[in-house]
Amino acid sequence: MAGNTRDPGASVASRLLALLAAFDEKTPALTLTELADGADLPAATAHRLVRELVDWGALVRGDDGRYVVGRRLWKLGLLAPDQADLREVASPFLHDIYGATLATVHLAIRDGDEVLYLDRLAGHASVPAVSRVGARLPLYATGVGKVLLAYAPREVHDRVLRNLARITPYTVTHPGTLDGELRRVHREGYAQTVEEMTLGACSVAVPVRGEDESVVAALGIVVPSIGRDRARLVAALQVAARGVQRSLRE
């Protein structure tokens, strides 16, 4: 909260920032009342400022009446040096993978307990996927998410494994099974899903390491089935991931 925003001397900017600060990983969608309470603003003031934020594109009002962060604010966030550099560096490697496979290709990072998609390439021949640039999806049900969860801090790992909801009939919801998959990511260098997020869509993903060898992102590909193509897909992703790492060092 940006100070006592009920103070009549508080600036308009501080009140707008307080409204935006009401959103977090646990509350990505809020009603007007929740926004007013979270920002410590009178309802009338919150209503006026939220309307301005919607008009500008910083917030979007859903059909259920709740507000979420808008695409315009997301695009501004992408200008942050770390994310902008990562997207720019990874872009040619994503295009290489897409050109070779015509499958949906993802670049993603971890944002709290969710996977956040920084970039996505897809075409008419690609398997339909629910991901989009700026989308947040569960870490445990996506290929890129499993990679990022495998290298997440212990508290994130434990919290996610305590809250495994079934998304499709094939979503892994047993903590022990998922924990075994995450350990395998460390051993074998990749993660995979089979229709866990979307029926008819399977994925393979690998870690992208930064200059200090820490995992900074994940590269993934979505295909209708994996089968005998697993080794080829993993190899292509790993070559791209090493290329991103080299470029980040330059």
Side-chain angles (χ1 to χ4, degrees), residues 24-26 28 74 77-78 80 82-87 89-91 93-94 97 104-121 129-165 167 171-175 177-194 196-198 201-223 226 230 233-234 236-245 248:
D24 59 25
E25 295 87 2
K26 296 180 180 178
W74 156 254
L78 290 179
D82 289 347
Q83 292 188 14
D85 289 350
L86 182 56
R87 288 187 76 211
V89 165
S91 180
F93 298 100
L94 265 68
I97 297 173
T104 300
V105 185
H106 292 137
L107 172 69
I109 60 173
R110 183 178 64 83
D111 186 13
D113 294 353
E114 296 176 307
V115 56
L116 173 62
Y117 289 85
L118 293 185
D119 210 348
R120 176 183 186 269
L121 292 178
V130 296
S131 61
R132 56 181 174 79
V133 175
R136 289 173 170 80
L137 293 176
L139 286 167
Y140 63 88
T142 60
V144 286
K146 286 186 180 184
V147 167
L148 297 167
L149 182 57
Y151 291 93
R154 189 70 199 184
E155 61 269 20
V156 175
H157 171 279
D158 293 345
R159 189 165 57 243
V160 170
L161 264 65
R162 288 196 300 268
N163 297 279
L164 301 176
I167 301 169
T171 307
V172 176
T173 56
H174 188 282
T177 302
L178 180 59
D179 191 51
E181 291 189 10
L182 300 179
R183 289 197 299 270
R184 192 159 59 247
V185 172
H186 286 267
R187 292 197 309 270
E188 300 179 1
Y190 73 92
Q192 71 175 43
T193 66
V194 178
E196 294 182 43
M197 189 72 224
T198 306
C202 305
S203 65
V204 178
V206 303
V208 176
R209 297 182 183 275
E211 296 181 59
D212 61 354
E213 294 298 323
S214 64
V215 173
V216 297
L219 277 177
I221 190 167
V222 180
V223 291
I226 298 173
R230 181 190 296 107
L233 295 173
V234 170
L237 289 168
Q238 289 177 334
V239 168
R242 287 193 292 270
V244 175
Q245 183 182 25
L248 288 172

Discussion item. Please report the interatomic distance CG(Leu178) to CZ(Arg184), rounded to the nearest 0.5 Å.
Written reply: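 These two atoms lie 10.0 Å from each other.
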Worksheet item: To the nearest 0.5 Å, what is the distance between CG (Asp111) and CG (Leu139)?
Response: 9.5 Å
Worksheet item: Would you call the rings of His186 and Tyr151 parallel, tilted or perpendicular if under 30° counts as parallel and over 60° as perpendicular?
Response: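 Correct class here is tilted.
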Between [Y] and [X], is there a side-chain heavy-atom distance shorter than 4.5 Å?
X: Leu219; Y: Leu107; value: yes
X: Leu164; Y: His174; value: no
X: Leu149; Y: Leu161; value: yes
X: Ile109; Y: Val216; value: no
X: Tyr117; Y: Leu137; value: yes
X: Lys146; Y: Val172; value: yes
X: Ile167; Y: Tyr140; value: yes

Discussion item. Quick test of your reading of the model: are Arg162 and Asp158 salt-bridged, counting only N-O distances below 4.0 Å?
Written reply: no
Do you know the tightest heavy-atom contact between [X] and [Y]?
X: Val204; Y: Leu237; result: O-CD1, 3.4 Å
X: Cys202; Y: Ile226; result: CB-CG1, 3.8 Å
X: Arg209; Y: Val215; result: NH1-CG2, 3.7 Å
X: Ser203; Y: Gly143; result: OG-N, 3.2 Å
X: Ala205; Y: Val147; result: O-CG2, 3.5 Å
X: Ala191; Y: Val185; result: CB-CG2, 3.7 Å

Fill in: Test applied, side chain to side chain contact (heavy atoms under 4.5 Å, CB included); reference residue, Arg110; option that passes from Leu148, Val144, Val115
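So, applying the side chain to side chain contact (heavy atoms under 4.5 Å, CB included) to Arg110 and each of Leu148, Val144, Val115, only Leu148 qualifies.
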Worksheet item: Are Glu213 and Gln245 linked by a side-chain donor-acceptor pair shorter than 3.5 Å?
Response: yes
Counting distance only, does the side-chain N/O of [X] pair as donor-acceptor with the main-chain N or O of [Y] below 3.5 Å?
X: Thr142; Y: Pro138; value: yes
X: Arg87; Y: Leu118; value: yes
X: Thr198; Y: Ala201; value: no

Worksheet item: side chain to side chain contact (heavy atoms under 4.5 Å, CB included) between Leu248 and Leu86: does it pass, once the steps are laid out?
Response: CA-CA 8 Å; Leu248 288 172; Leu86 182 56; 4.3 Å; yes
Worksheet item: Hey, mind stepping through Leu233 and Ile97 against side chain to side chain contact (heavy atoms under 4.5 Å, CB included) and telling me if it holds?
Response: CA-CA 9 Å; Leu233 295 173; Ile97 297 173; over 6 Å; no
